[in-house]
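By convention in this document, chain letters (A, B, ...) are assigned in the order of the sequence lines, proteins followed by strands, and residues within each chain are numbered from 1.
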Amino acid sequence: MALLKSSKVLASFGSQTPVLGALQLRTSSWWTEVQMGPPDPILGVTEAFKRDSNPKKMNLGVGAYRDDQGKPFVLSSVRKAEAQIAAKNLDKEYLGIGGLADFTKACAQLALGPDNEVLQSGRSITVQTISGTGSLRIGANFLSRFHNASRNVYLPKPSWGNHTPIFRDAGMQLNAYTYYDPNTCGFDLKGALDDISKIPEKSVIVLHACAHNPTGVDPRPEQWKEIADLIKKRNLLVFFDMAYQGFASGDIDRDAWAVRYFIEQGHNVLLSQSFAKNMGLYGERVGGFTAICNDAEEAKRVESQLKILIRPIYSNPPMNGARIASTILNTPELYSEWLQEVKGMADRIIRMREMLVSNLKKEGSTHNWQHVERLIKEFSIYMTKDGRISVAGVTSGNVEYLAHAIHAVTNFAFKNCSNLMVTGASRGLGLQIVETLVTGGFFPGKIIATARNPDGATELQRLAGEHHNIHVIKLDVVSQESIDKAAAEVEQVVRDEGLNCLINNAGINVVANLETVTADMMLENFHTNSVAPLMVTKALLPLLKRAAAKGTGMGIHRAAVINITSLLGSVELYWGDRANTFKWYPYRTSKSALNMVTRCLAVDLESDGILCMALHPGWVRTDMGGSDAPLSPEESISSVLSVIGGLTEKDHGSFLHYTGEPLPW
Amino acid sequence: MSIYGEVPLAAPVAVFKLTADFRDDQNTKKVNLGVGAYRTDEGQPWVLPVVRKVEKMIADDHSLNHEYLPILGLPEFRSSASKIALGEDSPAIKENRVGAVQCLGGTGALKIGAEFLRRWYNGTDNTKTPVYVSAPTWENHNAVFSNAGFEDIRPYKYWDAGKRGLDLTGFLGDLEGAPEHSIFVLHACAHNPTGTDPTREQWKQISEVMKRKNLFAFFDSAYQGFASGDLEKDAWAVRYFVSEGFELFCAQSFSKNFGLYNERVGNLTVVGRDQDNVNRVLSQMEKIVRITWSNPPSQGARLVAITLNTPQLFAEWKDNVKTMADRVLLMRAQLKEKLKALGTPGTWEHITEQIGMFSFTGLNPKQVEYMVKEKHIYLMASGRINMCGLTSKNIDYVAESIHEAVTKVQ
């Protein structure tokens, strides 16, 4: 399902599906006018980095912490809290709309400090929210409904990419104030003060409490004081976003300094908190929204309205994460262990930054990477293509470039691969392979990209027009005549160097279950997915051998055959708990057969030094994979190329997951 | 002068207030028939045994972590949840024209669906499309749609108070009279709060009018399996509409049938004309989720996905669901019998004709007030009771109290 869908598949859908008569009654869809929304790349980046098998990798993408092995890290204090909770056999009754009281109390204490006058006088209200986003959302809705004095929200330039759509969707007007100075890569105090002094009274100003996202540049305490002063004079409503308490400096009090200082100075601030990063509770969605009011009576009124706002969005918040956070914050031993762990994570981030700088230097980057060392956390603003700040679209631009840059560092193996061929390159994963190789800037050799109908492959042709190392060749993998012709053309391209890497990627999915499957469908899928890769490899064998004769060891620096297969072809995995999904006879069996083809080739070609292996690229959002797939083509291929680049003798004859882990046959 | 000086104190949400009042009541005979959650015959919350088992599996599996889920949620949860709603062999699923979004409970699924419909249905950002909700309906339906921006929310006739049953004629009349493209929120089973569902024949009539009038069906399925004890039976209406060629939404909650109230597990199933339409719809829903909660919580979805995808656990879950449904059916039968035995004026057949967690007793607001004030039996002002609040220990007291309220208060 990771492979290209041919037009034949569409035909087979038509012939096999017993369309209900009633279905014909409505021929048009309600949704024909709905445009395709652009994918949000931020969250997927974590996945891409997770699959990067290079030992030097650093996750700088989505703000999720990784341990020294590059693996997700569950805090020991979290594991212990979970064990304590499990032992209590607690029920699963609904929480109140405002959430778990033990949690919201501790949450506010963490931010404000336990002795804060605000908490003692009860003039604040904290509700549990769906992490930082949910908190900002409730705050934005509250402002929209009750802050009638102004619609204006001022964000720092730049700010977290999601701030703008959240406030805009709530009906607020977005504005910006100067924050970052790209020339000094630091905080622009003068620019900020100038801009803030012009903000209309009663406007809302968003401040990042610590570890400014995405620049990582925070004002120093004396600068905060100037800002607080001016904001008071301008009579602005402050909305603090605190997503990284403790994670920035390793010290929760230090990171909360600005929030506490503003409150001390009489600002009745709004505050958004997230426990995604500092407790590593990303997927549990734990956060808090706090409004500081004049007195307890006012706090009660505000609370009643917050509940009215929450009820029609999700009724009441999820318990699991709040219980974990609450247990940690309210259990002295766990709390002190957690403080240690937060510090440990913060310290490690500094080491990760240093590693990135040194690796980029080692790769001979001409950019000035010095400023990376000055950043407080793991975001990637320093990675923009011109080395400077891009205000618009900061997050998505950074993320894309970052993925390429990381791979430029980690995939040096491709520098030694002179000639690479990929079949089925007109769209889907094949096209993505070509695109990532050429735009990532780490593949200097020739790329032979084949397509059944090169004239129709507009995107591939466009790439080839821009990158002269791409050679587009016509190849219909189910025609022996076409294979032979293509092999002759490939020889013209690679000549004496031979072919270093053949990626058999072309494939189809003829969907049929036990009820609908026919012999023709089986044979059609077999021909493309199992027989064709063997015949293509056979035809190119002289060129592969030619390249292999020039090298030693095993890998793409010498000669390799990569068969793009699927874990749906794993005989072993389709049993027990994992059975009863995707009952596709033609596809599954064709991939099982391809796996055996791979193993046979590995046995036969070992003496020639040609590495043969089968690779599962994941379930990818391509025409074939559909929209439910968890991976984007970029994510899949960045990981796939990382695996291919790292192949050695030990991977010969293997069946690997795109993460680089072995799969059962 | 405070920035919040103008914020008025909002009335508390009724069902949460009822719970608080009950908690504060010191009377030993007190009974809470107000909450929307299952109770055992001992009056206790019940964590399903299969849930405990899967929780332990998750806790023992240290390969699992707390990373973010994708924006649209856990893929294996979404697909298995849709499969439960539409059926294992649903042609729509086979034709790849079903998509899903993991949401925070049924409310979250309604919210994302409503936000999408306002943005992309019947034009773009059309706040004027009429949204019809049943009279009466779950009190949050109105707020969900009006908060999503819909300005024209109308009731459709549903409950016939005199008959204590479905007002089919009124319902069909409102369907006939609705402007083309209107959105109808339909309760898939176990109508909340009346417990009264259309029969299959009646659903067919409803579907016929909706198709002819080009109306949009948005199913709210909060009680699948919980109503009859049978997953397939409770999903009949949704599946029938799909088989009739409707493009529709189905908001699914796993709060009741999995007892996962506080884990906030829901799913919005989208059935479209074809894969391309569904893909575009999901891409826009992804944008909405991103600015609402970014990505959904993982724990509950993991629990449900593992259970639904493991045949043995799946079978166990179905047993657990049946245990709950059977207890409710038993309480219904007993309450009816007791009221009949007491000779309580009026007909009480509707108690067993209704289905699911709730029953619309037909008690008027004054009688309800009497129940609360004099008898310490807490129920919604609408006369809705949660059948799970009844136990073999308190059912006599409740029956006698209803008898008293009906005979003493008009």
Checklist entry - Side chain, backbone, both or neither: which part of B:A11 has a non-hydrogen atom closer than 4.5 Å to chain A? => result backbone

Next on the checklist: Rounded at 0.5 Å granularity, tell me how far OH in B:Y261 sits from NZ in A:K92.
Outcome noted: 12.0 Å

Next on the checklist: Tell me whether A:E284 contacts the main-chain N or O of B:P297 through its side chain, where contact means a donor paired with an acceptor under 3.5 Å.
Outcome noted: no

Item to check | Under 4.5 Å from a heavy atom of chain B, the part of A:R145 involved | outcome: side chain

Checklist outcome for this item: Okay, A:L90 and chain B: the region with an atom under 4.5 Å from a heavy atom over there is backbone

Checklist entry - So, does A:R311 use its side chain to make a donor-acceptor pair with the main chain of B:N140 at under 3.5 Å? => result no

Item to check | Under 4.5 Å from any heavy atom of chain B - which part of A:F142 | outcome: side chain

Checklist entry - If you measure from CD1 on A:I130 to OG on B:S294, what distance do you get to the nearest 0.5 Å? => result 11.0 Å

Checklist entry - Donor-acceptor pair, A:R137 side chain versus B:I291 backbone, under 3.5 Å? => result yes

Next on the checklist: Whether the side chain of A:R301 engages the backbone of B:Y4 through a donor-acceptor N/O pair (distance < 3.5 Å, no angle test) should be reported.
Outcome noted: yes

Item to check | Any donor-acceptor N or O pair under 3.5 Å, side chains B:E6, A:H147 | outcome: no

Checklist entry - Which bit of A:V286 comes within less than 4.5 Å of chain B, counting heavy atoms only: side chain, backbone, both or neither? => result neither

Checklist entry - Between B:D89 and A:K583, is a salt bridge (charged side-chain N to carboxylate O under 4.0 Å, His left out) present by the stated rule, with each step listed? => result CA-CA 11 Å; B:D89 300 318; A:K583 300 184 171 188; over 6 Å; no

Checklist entry - At a heavy-atom separation under 4.5 Å, does B:L72 approach chain A through its side chain, its backbone, both, or neither? => result neither

Checklist entry - Can a donor-acceptor pair be found between the side chains of A:N89 and B:R52 at a distance below 3.5 Å? => result yes

Checklist outcome for this item: Okay, B:I306 and chain A: the region with an atom under 4.5 Å from a heavy atom over there is neither

Checklist entry - Is the backbone of A:L95 close enough, under 3.5 Å, to the side chain of B:N262 for a donor and an acceptor to pair up by distance? => result no

Next on the checklist: At a 4.5 Å cut-off on heavy atoms, which part of B:K83 comes close to chain A: side chain, backbone, both, or neither?
Outcome noted: side chain

Next on the checklist: Just verifying a value: how many Å separate A:T133 OG1 and B:R290 CZ, rounded to the nearest 0.5 Å?
Outcome noted: 6.0 Å

Item to check | Interchain contact, B:F145 with chain A, by part (heavy-atom threshold 4.5 Å) | outcome: neither

Checklist entry - In terms of heavy-atom proximity below 4.5 Å to chain B, should A:L237 be classed as side chain, backbone, both, or neither? => result side chain

Checklist entry - When you check the gap from the basic side-chain N to the acidic O, do B:R119 and A:D169 get nearer than 4.0 Å? => result yes

Checklist entry - Which answer fits A:S315, side chain, backbone, both or neither, if we ask what part of it has an atom under 4.5 Å from a heavy atom of chain B? => result both

Next on the checklist: Using a 3.5 Å distance criterion without hydrogens, assess whether the side chain of B:N147 forms a donor-acceptor pair with backbone atoms of A:I313.
Outcome noted: no

Next on the checklist: Donor-acceptor check, side chain of B:R264 to backbone of A:N316, threshold 3.5 angstrom: yes or no?
Outcome noted: yes

Next on the checklist: Using heavy-atom distances under 4.5 Å, tell me whether A:I308 contacts chain B through its side chain, its backbone, both, or neither.
Outcome noted: side chain

Item to check | Heavy-atom contact with chain B under 4.5 Å, split by part of A:E298 | outcome: side chain

Checklist entry - In terms of heavy-atom proximity below 4.5 Å to chain A, should B:Q312 be classed as side chain, backbone, both, or neither? => result neither

Checklist outcome for this item: Cut-off 4.5 Å, heavy atoms of chain B, and the answer for A:E82 is side chain

Checklist entry - Taking side chain as C-beta onward, heavy atoms only, is A:M319 less than 4.5 Å from B:Q299? => result no

Checklist entry - side chain to side chain contact (heavy atoms under 4.5 Å, CB included) between A:I324 and B:H66: does it pass, once the steps are laid out? => result CA-CA 12 Å; A:I324 295 169; B:H66 292 288; 4.3 Å; yes

Checklist outcome for this item: Okay, B:L48 and chain A: the region with an atom under 4.5 Å from a heavy atom over there is neither

Checklist entry - Considering only heavy atoms, which portion of A:L75 lies under 4.5 Å from any heavy atom of chain B: side chain, backbone, both, or neither? => result neither

Next on the checklist: Quick one: does any side-chain atom of A:S304 pair with a main-chain N or O of B:A10 as donor and acceptor, under 3.5 Å?
Outcome noted: yes

Checklist outcome for this item: So, the part of B:V47 with a heavy atom under 4.5 Å from chain A: the answer is side chain

